[in-house]
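Nothing here was measured: the structure is a model prediction, and the numbers come from that model. Values below: every heavy atom of this structure, side chains too, minus hydrogens, waters and symmetry copies.
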Amino acid sequence: MEVSNEAKRIMVVALGKLYSSRTQRGGLRLHRSLLLTLVMKSARDMYHAAQSTAETQDCEPQNSTAENTTEPATGEPRTLPREEAVCSPSELLTGAENKENQCPSSPAQHSRKRRGKAAAEPDFLPCKKAKLEQASSPQQLIVSAVLIDYVNCSSELGAPPASMPLHRAIAAC
Amino acid sequence: MGEDAESPKINHTFLRDYVTEADVISTVEFNQTGDLLATGDKGGRVVIFQRETEPKGESEEVGETGDSGEYNVYSTFQSHEPDFDYLKSLEIEEKINKIRWLPQQNAAHFLLSTNDKTIKLWKVSERDKRPEGYNLKDEEGRLKDISTITSLQVPVLKPTDLMVEVRPRRVFSNGHTYHVNSISVNSDGETYLSADDLRINMWHLGITDRSFNIVDIKPANMEDLTEVITAAEFHPHHCHLFVYSSSKGTLRLCDMRASALCDKHTKLFEEPEDPGSRSFFSEIISSVSDVKFSHSGRYLLTRDYLTAKVWDLNMDKGPVETYQVHEYLRSKLCSLYENDCIFDKFECVWNSSDSVIMTGAYNSFFRMFDRETGRGVTLEAWRESSKPRAVLRTRRVYTGGKRRRGDVGVDSLDFTKKILHMAWHPSENIIAIAATNNLYIFQDRVNPDHTQ
């Protein structure tokens with residue numbers, strides 16, 4: 001559990017640094033953004049590995065909740081890199097309230113969207129996709145666990161920024 | 001300070017300790033003779049120091065070289081100004097990332113300086129004479145009354161106070177989309193390379209509107225990006241060879257004779273990762289922050305976060321020597337990640353005979369390693385503990401065992417005092433160390449030449 005807590009903390013710090021680097025003088029530093037992304041992936045993989053180990057060690061009745069925490073937790077970091085800028089900027093900041101209004105993160109929707117920074121919509125535009133997806137909303141409730149951590153410590157990390165997918169942060173250079 | 005005794009106590013220490021961001025030195029470089037030393041700072045200024053040549057006198061002791069003088073300010077100029085990229089709405093910092101001197105060909109000196117986007121060639125020349133005795137103009141430059149001119153005189157050059165002029169001769173702009181991290185002058189004396197995160201360009205010193213792209217590692221889809229270029233350098237003797245380091249800890253030697261685009265390396269230098277030391281931060285600490293060819297051209301020196309490594313060009317399986325710079329930080333990587341220190345880019349340098357390597361650390365410490373014995377020594381660049389002409393004493397970081405007086409504990413290290421930039425004189429044991437906004441120059445009086 002310690003590993004997964006540390007992994008979560010590292011991911012949150014990486015997110016904060018990535019967002020704050022957007023307002024840095026001189027523009028986004030590609031090298032730094034890349035290293036932060038790699039750390040996030042590393043932490044995500046370790047978190048996932050720690051969770052699945054915990055899962056197999058737990059007894060049966062607890063499996064359903066563990067699964068819920070595992071899936072979205074791995075889904076969430078994967079969501080970040082894949083999400084195009086179609087979601088509203090307030091998504092990450094008001095995660096607690098907007099959990100059910102969050103953009104759906106299923107891969108099927110992304111394949112329709114052209115990738116590349118030229119095609120990405122500016123993130124100040126409101127989300128155009130249908131926001132309510134009953135099937136995935138229970139996932140969304142727990143997905144935000146990491147994001148809420150970020151929201152809680154965002155005040156220490158600096159000005160709250162607009163939402164920005166991870167890889168777009170790199171592609172924007 | 002007598003007046004302070006009666007006035008209310010005001011703490012002025014914050015004013016003394018406050019360092020203007022613009023004064024932070026960002027690069028240090030000796031020229032090929034070592035007579036000139038250039039520093040660049042975050043404010044875009046370049047300061048050139050010149051070594052004083054002491055006149056040889058009868059009182060000079062045997063064994064003392066004539067050039068045992070100090071370095072004094074020779075010239076200061078504003079190299080780069082803050083700029084703005086209107087297309088991307090991005091500010092371009094004026095910070096000088098690198099300075100490289102050109103080999104001297106005449107009385108003037110030339111240097112290249114670069115910020116994140118633009119490289120400039122500067123001519124540094126001296127003027128110590130001026131023409132006097134014009135026919136039509138008087139001393140102040142006013143035209144003389146023609147009726148007063150009765151004879152013809154030829155203007156004569158008269159000595160005047162020394163004036164150092166620095167003029168921009170070339171501006172190499174619009175060559176880079178990403179941030180320039182290195183420049184390196186070729187041994188052919190005509191070309192130089194500039195490297196950013198994803199591309200390396202080769203320029204001719206005389207042509208500013210064109211450059212050749214010789215390395216391009218930008219993937220078709222930026223989401224597939226896995227590594228960036230961190231440093232690049234031309235071979236000191238072979239004008240067709242250059243090396244570049246990556247954020248993955250690899251080195252690539254490229255031969256420009258092989259093809260126009262050197263995406264395919266001639267040699268890949270990579271050390272297999274030790275699976276036992278894998279952590280969250282393995283990728284960050286393996287990123288190479290600096291690469292330098294040895295003067296002989298046979299070896300490469302690289303620096304990553306915790307170590308300095310020497311590689312033999314003939315062996316690509318791994319480094320031939322590995323030096324632990326501050327291994328005691330390995331257990332502190334998480335805190336160093338949170339306070340951003342893990343992203344610090346330390347430089348490394350060779351001495352003139354390639355027998356000693358040097359690199360920086362924290363707490364104003366820097367390390368020197370003797371390649372023959374493998375032993376390292378820690379020295380400090382800090383005003384409070386060294387007076388001019390005092391002997392530098394070695395320092396130690398306490399990591400266990402018997403604690404000696406003067407040892408510094410790992411938790412007492414000041415991570416804001418980092419030695420990132422340094423230079424070693426090309427032929428003598430003189431080093432220049434940049435510590436935030438201060439420049440320290442240390443000379444070895446006992447063994448001034450590298451041969452001893």
Side-chain angles (χ1 to χ4, degrees), chain A residues 2-14 16-17 20-47 49-50 80-84 110 114-118 120 122 153 156-157 165-173, chain B residues 21 42 82-85 88-95 97 115-117 176-179 181 196-199 217-231 245-248 278-289 305 333-335 337-340 342-345:
Chain A
E2 216 179 277
V3 173
S4 60
N5 284 341
E6 203 192 343
K8 209 160 69 169
R9 203 173 106 236
I10 287 171
M11 280 194 287
V12 166
V13 170
K17 287 187 194 292
S20 61
S21 67
R22 292 187 67 206
T23 53
Q24 242 175 29
R25 237 191 122 215
L28 217 60
R29 298 269 153 190
L30 188 64
H31 185 197
R32 188 183 152 90
S33 307
L34 179 68
L35 291 176
L36 284 167
T37 316
L38 292 172
V39 164
M40 276 215 48
K41 281 187 182 161
S42 223
R44 181 201 73 196
D45 293 342
M46 295 224 187
Y47 182 78
L80 275 170
R82 300 267 166 85
E83 252 176 22
E84 298 299 336
H110 297 293
R114 262 179 298 130
R115 290 174 192 264
K117 60 179 176 180
C153 62
E156 295 150 53
L157 291 165
L166 214 58
H167 278 256
R168 186 163 166 272
I170 298 170
C173 287
Chain B
E21 182 77 5
K42 278 193 171 177
D83 206 348
F84 199 78
D85 182 337
K88 295 180 191 166
S89 276
L90 281 178
E91 236 191 305
I92 300 169
E93 277 188 297
E94 66 277 29
K95 173 168 84 93
N97 292 335
N115 68 348
D116 283 338
K117 297 285 180 188
H176 291 279
T177 310
Y178 302 95
H179 297 110
N181 52 55
D196 67 28
D197 293 316
L198 297 178
R199 297 188 179 103
I217 63 166
K218 184 177 178 186
N221 186 354
M222 279 299 273
E223 290 184 10
D224 299 332
L225 183 72
T226 54
E227 66 181 328
V228 296
I229 298 168
T230 51
S245 59
S246 84
S247 54
K248 271 191 173 170
R278 180 117 186 88
S279 77
F280 288 118
F281 310 106
S282 296
E283 279 105 355
I284 303 185
I285 63 169
S286 63
S287 176
V288 174
S289 54
Y305 192 63
L333 291 178
C334 199
S335 331
Y337 159 71
E338 283 173 23
N339 67 14
D340 263 3
I342 207 173
F343 299 104
D344 286 335
K345 294 182 183 157

Atom of B/H179, atom of A/G26 and distance for their closest heavy-atom approach: NE2-O, 2.9 Å

Interface moiety of B/L198 toward chain A, non-hydrogen atoms closer than 4.5 Å: side chain

Among all residues two or more places apart in sequence or in another chain, which pass the side-chain hydrogen bond (donor to acceptor under 3.5 Å, both in side chains) test with B/S287? A/H31

Partners meeting salt bridge (charged side-chain N to carboxylate O under 4.0 Å, His left out) with B/D340 (sequence neighbours left out): A/K17, A/R32

Applying salt bridge (Lys or Arg N to Asp or Glu O under 4.0 Å), run through B/D116 and A/R25 and close with a yes or a no. CA-CA 12 Å; B/D116 283 338; A/R25 237 191 122 215; over 6 Å; no

Please classify the contact of B/K248 with chain A as side chain, backbone, both or neither, using a heavy-atom distance under 4.5 Å. neither

Check: A/L34 and B/D197 side chains under 4.5 Å, non-hydrogen atoms: no

For B/E283 and A/L35 the tightest heavy-atom approach is O-CD2, 4.1 Å

Count the heavy-atom pairs under 4.5 Å between each of B/F280, B/F343, B/F84 and chain A, then report the option with the highest count. B/F280

On a heavy-atom basis, which atom in A/R9 and which in B/C334 lie closest, and how many Å separate them? NH2-SG, 3.8 Å

Pairwise side-chain contact, A/L30 with B/M222, heavy-atom cut-off 4.5 Å (strictly under): yes

Residue among B/T226, B/I342, B/T230, B/I92 with most heavy-atom pairs under 4.5 Å to chain A: B/T226

On a heavy-atom basis, the closest approach of B/S279 and A/S42 is O-OG, 4.2 Å

Okay, side chain of B/Y337, backbone of A/I10: is any donor-acceptor separation there less than 3.5 Å? yes

